[in-house]
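Worksheet: the structure to be examined is printed underneath.
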Amino acid sequence: MSHVYCPECGFQNPEAANYCARCGSALLKPDEAEATMTFTPEASDVQAENALEEVGITGPALVVRSGGGRSGETFPIGGERTTIGRSPDCGIFLDDVTVSRKHAILGQRNGRYVIEDQGSLNGTFVNRKRVESAELEDGDELQIGKYRLSFLHRA
């Protein structure tokens with residue numbers, strides 16, 4: 001079992017501790033040497049636009065950013081209504097228990113795209129805010145269950 005030593009009093013604490021059991025000071029964790037990559041929105045937008053062009057998709061699309069091992073999978077949006085859910089009958093099938101069978105509907109109103117939650121248990125999020133209904137803009141992030149998707153619509 002590994003230990004973390006308090007920088008204030010030197011007390012030996014268990015590795016999982018965040019604060020010293022003796023003096024209450026915040027414990028410094030050893031650096032795990034993980035690399036973090038950052039992307040600017042401009043770079044991501046260019047990559048996403050190029051990715052859609054490479055697969056021959058024109059018009060609006062949802063691109064899976066993370067979740068379920070499906071990163072990069074792209075769903076073109078066609079018609080006035082596209083259903084999203086765990087049911088195989090849905091236009092966008094996301095097979096995971098965190099997604100309701102009929103989770104949300106992506107529809108078109110007055111030339112704008114709108115996502116509407118269908119009473120799902122885990123909710124529908126747009127740009128990290130839970131919504132019942134929201135208008136989508138190019139580059140918006142959707143979260144449906146454990147899936148994070150980007151809405152792309154090049155005008």
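All values below were derived from every heavy atom in this structure, side-chain atoms included, with hydrogens, water molecules and symmetry-related copies excluded. Keep in mind the model is a prediction, meaning the values are calculated, not measured.
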Find out whether I115 and V126 are in side-chain contact, i.e. whether some heavy atom of one side chain is under 4.5 Å from a heavy atom of the other. yes
Check step by step if side-chain hydrogen bond (donor to acceptor under 3.5 Å, both in side chains) holds for D96 and T98. CA-CA 5 Å; D96 187 76; T98 61; 2.5 Å; yes
I need the minimum non-hydrogen distance between L121 and R130, along with the two atoms involved. O-NH2, 3.6 Å
Any donor-acceptor pair under 3.5 Å linking the side chain of R86 with the backbone of V99? yes
Compare all side-chain heavy atoms of C9 with those of C20 and state whether any distance is below 4.5 angstrom. yes
Using a 3.5 Å distance criterion without hydrogens, assess whether the side chain of Q12 forms a donor-acceptor pair with backbone atoms of P14. no
Is V131 reachable from L149 through a run of I, L, V, M, F, W or Y residues, each pair having side-chain heavy atoms under 4.5 Å apart? yes
Cationic N near anionic O, under 4.0 Å, K129 to E141: no
Ignoring hydrogens and geometry, is there a side-chain-to-backbone donor-acceptor pair from H103 to L94 under 3.5 Å? no
Is the CZ atom of R70 crowded by more than 12 outside heavy atoms at less than 6.0 Å? yes
Output yes when a side-chain donor or acceptor of D138 lies under 3.5 Å from a complementary backbone atom of H153, and no otherwise. yes
What's the spacing between S87 OG and F93 CZ if we round to 0.5 Å? 7.5 Å
Determine, using the 4.5 Å side-chain heavy-atom cutoff (strictly less than), whether I144 and I105 are members of one ILVMFWY cluster. no
Check against side-chain hydrogen bond (donor to acceptor under 3.5 Å, both in side chains), S150 and R65: CA-CA 7 Å; S150 291; R65 293 293 182 202; 3.0 Å; yes
Between the side chain of N13 and the main-chain N/O of A21, is any donor-acceptor distance below 3.5 Å? yes
Hey, does L62 have a side-chain heavy atom less than 4.5 Å from the side chain of I77? yes
L142 side chain near L136 side chain, heavy-atom distance below 4.5 Å: yes
Please state whether the rings of Y113 and F151 are parallel, tilted or perpendicular, taking 30° and 60° as the class boundaries. tilted
So, S100 side chain and K102 main chain: donor-acceptor pair closer than 3.5 Å or not? no
Is it the case that more than 12 heavy atoms not belonging to Y19 sit under 6.0 Å from its OH atom? no
Kindly determine whether T83 and I92 satisfy side-chain contact (heavy atoms from CB on, under 4.5 Å), including the steps that lead there. CA-CA 6 Å; T83 55; I92 298 176; over 6 Å; no
When rounded to the nearest 0.5 Å, the distance separating CD1 of I84 from CZ of F75 is 9.0 Å
Using a 3.5 Å distance criterion without hydrogens, assess whether the side chain of T82 forms a donor-acceptor pair with backbone atoms of E80. no
Apply the test side-chain contact (heavy atoms from CB on, under 4.5 Å) to residues V114 and S133: give CA-CA distance (whole Å), side-chain angles for both, the deciding distance (0.1 Å), then the verdict. CA-CA 7 Å; V114 176; S133 177; 3.5 Å; yes
Is there a side-chain contact between C23 and C6, using heavy atoms and a 4.5 Å cut-off? yes
